Every structure is written in structure tokens, then in C-alpha cells.
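If you're wondering where the values come from, they're calculated on a predicted model, not measured in any experiment. No hydrogens, no waters, no symmetry mates; every other heavy atom, side chains included, goes into these values.
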Number of protein chains: 2
Amino acid sequence: MKTVFQSVQDFSEEELNLLDDLITFRTLKKGELLLTENQICNEIVFIKKGILRSFFMNHKGDEITNCFAFENEFMASFASFITEEKAEENIQALTETELQILDRKALEKLYKSGFNWQETGRKLTELEFVNLHKRMVSFQKLSGAERYEELYQNHQKYIQLIPMQYLASYLGITPRHLSRIRKAVL
Amino acid sequence: MKTVFQSVQDFSEEELNLLDDLITFRTLKKGELLLTENQICNEIVFIKKGILRSFFMNHKGDEITNCFAFENEFMASFASFITEEKAEENIQALTETELQILDRKALEKLYKSGFNWQETGRKLTELEFVNLHKRMVSFQKLSGAERYEELYQNHQKYIQLIPMQYLASYLGITPRHLSRIRKAVL
DNA sequence: AAAAGAATAGGACATTTGTCCTATAAAAGA
DNA sequence: TCTTTTATAGGACAAATGTCCTATTCTTTT
């Protein structure tokens with residue numbers, strides 16, 4: 001987690017020590033839920049090892065995956081964390097997972113402790129925004145097949161590590177349709 | 001613009017005076033472009049009067065609208081503003097429009113001038129994130145018809161003020177299909 | 001290792017959505 | 001105001017995508 005913060009801002013020893021004191025740890029077994037819908041998300045996790053996915057339900061009761069997170073990435077229901085309203089997402093471990101955790105109180109301490117943390121918070125939020133924006137654009141301008149193709153070219157990891165059923169809803173299509181698309185690509 | 005900032009943070013007289021010095025003004029005629037794709041977006045505008053839309057092109061050359069902004073809202077290619085890379089969006093006035101403008105340098109001055117601005121920047125970015133997240137969820141979990149219905153129930157203003165051709169791509173459907181949906185809703 | 005359970009691919013058919021086109025209505029410009 | 005341009009609605013048909021289902025393969029559990 002330190003490394004990511006340092007890539008955004010040049011922190012001093014003391015600042016990073018403060019961070020060390022605030023981080024806690026947790027492991028998840030495959031399939032375990034870190035957050036369930038209707039809870040308020042009060043922590044941001046950083047993945048040391050493993051894969052998480054976040055998903056919500058549609059009105060038919062199907063699970064719709066809205067994102068994945070891999071090693072050295074952050075995960076949370078950011079919307080719930082920000083608004084302090086109930087999350088509509090569930091967050092689940094797709095593999096054995098090791099986490100570092102920064103909870104709301106810890107983050108608030110960091111923010112209060114100085115300008116640098118405040119600025120880092122803003123910049124990381126900005127980057128999350130940009131990522132989400134890219135995903136939004138891909139939904140507006142590409143077909144399901146094109147989104148798959150894009151993943152295939154630029155994020156091989158998704159296709160190798162994520163079960164097809166989850167990948168399908170992540171791409172905004174049904175598993176049946178994903179199967180057709182994969183057949184066409186081969 | 002002040003009002004929005006004050007709704008997020010309790011600013012002093014001096015802080016708001018600094019803001020006053022940094023804001024500039026501009027008006028746009030109907031149809032005029034504020035930003036074109038391949039420019040770097042270096043300013044965030046606040047709408048005093050009028051409506052803006054932001055759109056990009058798909059590979060067929062169709063315009064795809066990705067958002068609208070109304071009175072008392074901010075608009076920019078935030079992705080380009082943040083990354084300082086070329087925008088893929090165009091921003092266009094849908095009506096005569098009056099703007100307040102905060103450019104990159106002005107915003108950086110604010111950020112440097114103190115903790116409060118830094119924090120406000122973070123919080124407004126967070127809110128933009130949450131809005132975008134909602135839109136993303138609506139694309140993953142709803143059909144085009146359901147997104148129209150949602151707009152019809154909760155954002156009447158869009159249906160009253162925005163030409164159907166723009167609304168269609170904003171909803172992720174064709175004008176032909178929007179026409180079908182509208183017929184069904186009546 | 002065997003048995004049970006879950007994930008994937010893909011056939012047949014249904015539904016949704018898009019494409020192309022035309023008529024009418026509305027808006028902009030002369 | 002009249003003329004020209006642009007926007008909208010909707011018919012007919014085509015293409016894309018979804019639903020339901022089964023066979024097969026891959027995982028997990030005992």
C-alpha cells in the first residue's frame with residue numbers, strides 16, 4: 001500500500017510510519033464475502049494477494065459483476081464509503097486473499113494529519129474517476145464483443161483468471177452470448 | 001459557483017475573495033463548442049445559465065452523448081483535465097449559455113492556498129465519482145427502456161429540455177428505439 | 001479415486017434492438 | 001412570412017442478443 005501512496009506523493013518517514021500504525025490485516029477464504037449489500041462500507045482494502053470481485057443483483061436476481069481487483073489494487077464500495085449510505089454491492093474473494101485494511105477512522109486521521117494525505121486522497125479519487133470514466137465510455141461506444149476484444153488485447157489477466165460467468169455480466173452480456181463471442185474470436 | 005463550494009465547506013470571506021479573483025466569464029451561442037476532442041481540457045466551467053452536452057464519436061462516426069450539465073452544475077472533460085491528456089469528448093452549448101470559468105492554474109492556486117480548498121477538491125471529486133458510478137450501474141443493471149423510465153420519473157428536465165436524438169445515445173440506444181420506448185410509455 | 005456439484009459450450013428458438021427509409025412536424029434562416 | 005433545413009415518429013426487415021436447455025468438462029468434496 002505504501003508503494004502506491006508514494007507513487008502519488010513524496011512522503012516522509014514519519015508520515016509513512018503513521019500509516020503503518022493505522023493499517024490492519026485480514027485474510028479471506030475463496031468465496032468469502034468481505035462486504036454484503038445493505039452494509040455501509042467503512043473500509044478500503046488493499047490486496048496483497050488474491051482477487052476480489054464486486055457484484056450487485058438485478059431485478060431478476062442475477063448477480064451482476066461490476067468490478068474486479070487484483071494484487072496491489074484497492075477495493076471498496078467507494079460509493080458507499082463516500083456517501084456513508086448502504087452499499088448495493090457485495091464484495092467477494094475469488095481466491096484465497098490477503099488484505100491490508102484502512103478503515104474510515106484511520107483514513108480520517110491521515111487526512112487530518114496533513115496536507116499531503118489530503119492531496120493524495122484527492123489524486124487517488126481522481127484516478128478512480130478516470131478509470132470508471134473509461135469503463136463508462138466503453139459501454140457507450142462499444143458492443144459486448146468489442147469490449148471482450150479490448151479485454152483480450154489489453155487485459156489478458158481478466159480472461160485467464162476470471163470465470164466466464166462473471167466476465168459475462170462484467171461485459172454487460174449473458175454467458176450464452178460471451179460463448180458465441182469467444183467462438184468467433186478463436 | 002460560490003454556493004456550491006460553500007455547501008461542501010465553510011469558507012471564510014478571504015477564501016471566497018480569492019476565488020472571485022480567479023474566476024473568469026464566457027458566453028456561448030447555441031451550438032457553439034467549448035472544447036473539441038484532441039484538445040487538452042484545461043478548465044472547469046460552472047453554468048450560470050444554459051445547458052451543455054458532452055459527446056464523443058464512435059467508430060461509425062455517430063455522436064455519442066455522454067453527459068449533460070444544467071444551471072448551477074460543473075462541466076469539463078474531467079478525464080482530460082485530470083490526466084492532462086487529449087480529451088475524447090467535445091463540449092457543446094445546447095442553448096445560449098453563460099459560464100464562470102476556473103482554469104487549471106486558478107484551481108492549482110486554490111489548492112495551494114490552503115487545506116480547505118484541497119479538501120473541497122477531494123469531496124467534489126468524490127461526488128462526481130458517485131454520480132458516474134450510479135450511471136455505470138444503470139447501464140449494467142437496466143435496459144434502455146428502464147433507463148428512460150428512470151429519467152422520466154426522476155429527471156423530467158432531461159426529457160423536457162434535451163432533443164431526443166441526444167437523449168437516445170445518452171441512454172445507450174438508437175433514436176429509433178427511443179421512439180418505440182416512448183410510444184410504449186404513453 | 002469415485003461421486004456430486006458447478007462451469008462451460010453451444011443448439012433451437014424468441015425477443016430485443018438496430019438499419020434503412022419515408023412522411024410529417026418543428027425550428028432556423030432568408 | 002415563406003422557404004429550407006433539421007428533428008421526430010414509425011413501418012418493414014435484418015442483425016444482435018437473450019432464454020431455455022442439454023451434453024460435456026472441470027472442480028470440489030467425501
What's touching nucleotides 4-9 of chain C from the protein side, N or O pairs under 3.5 Å?
residue	atom	partner	partner atom	Å
C:dA7	OP1	A:Gln165	NE2	2.8
C:dT8	OP1	A:Met164	N	2.8
C:dT8	OP2	A:Gln165	N	3.1
C:dA9	OP1	A:Arg182	NE	3.4
C:dA9	OP1	A:Arg182	NH2	3.2

Grab the N/O contacts between the protein and nucleotides 21-30 of chain D below 3.5 Å, and write none if there aren't any.
residue	atom	partner	partner atom	Å
D:dT28	OP1	A:Lys30	NZ	2.7

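Listed by chain and number, the residues in a side-chain hydrogen bond (donor to acceptor under 3.5 Å, both in side chains) with A:Asp62 are A:Asn58 (sequence neighbours excluded). Taking the side-chain hydrogen bond (donor to acceptor under 3.5 Å, both in side chains) definition, one finds that B:Gln9 meets it with B:Thr120, sequence neighbours left out. Shown here are the side-chain contact (heavy atoms from CB on, under 4.5 Å) partners of A:Glu108, two or more places apart in sequence or in another chain: A:Arg104. Every residue two or more places apart in sequence or in another chain was checked for a side-chain contact (heavy atoms from CB on, under 4.5 Å) with B:Thr3, and none qualifies. Partners of A:Asp20 by side-chain hydrogen bond (donor to acceptor under 3.5 Å, both in side chains), not counting sequence neighbours, listed by chain and number: A:Lys2. A:Lys48 pairs by the side-chain contact (heavy atoms from CB on, under 4.5 Å) definition with A:Phe46, A:Glu98, A:Gln100, not counting sequence neighbours. Partners of A:Arg147 under the side-chain hydrogen bond (donor to acceptor under 3.5 Å, both in side chains) rule, at least two apart in sequence or in another chain, do not exist in this structure.
One interatomic measurement links the two molecules: CZ of A:Arg147 to C1' of D:dT17, which rounds to 12 Å at whole-angstrom precision. Going from atom CG of A:Leu142 over to atom P of D:dT17 covers 12 Å, rounded to whole Å. Note: CD (B:Glu146) to P (D:dG18) measures 13 Å, nearest angstrom. Protein atom OH of B:Tyr148 is 18 Å distant from nucleotide atom P of C:dT16, rounded to whole Å. The interatomic distance linking A:Leu171 (CG) with D:dT17 (C1') rounds to 14 Å, in whole Å. One atom, NE2 of B:His177, and another, C1' of D:dT17, lie 12 Å apart when rounded to the nearest Å. In this structure, the NZ atom of B:Lys29 is 15 Å from the P atom of C:dA28, given to the nearest Å. Per the geometry, CD1 belonging to A:Ile181 stands 14 Å off C1' belonging to C:dG10, to the nearest Å.
For A:Arg135 and A:Tyr170, the positive end sits near the middle of the six-membered ring, less than 6.0 Å away and at most 45° from its axis.
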Please tabulate, for the side chains in residues 156-164 of chain A, all donor-acceptor contacts under 3.5 angstrom to protein atoms that are two or more places apart in sequence or on a different chain.
none

What pairs of donor and acceptor atoms, side-chain ones from residues 22-36 of chain A against any protein atom, are under 3.5 angstrom apart with sequence neighbours left out?
residue	atom	partner	partner atom	Å
A:Glu32	OE1	A:Lys29	N	2.7
A:Thr36	OG1	A:Gln39	OE1	3.3

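Two residues are said to be in side-chain contact when any heavy atoms from C-beta on lie closer than 4.5 Å; B:Phe74 and B:Ile47 fail this criterion.
Near DNA chain D, meaning a heavy atom under 4.0 Å away, the residues from residues 51-63 of chain A are A:Lys60.
For B:Arg180 against C:dG18, a side-chain N or O and a base N or O form a donor-acceptor pair under 3.5 Å.
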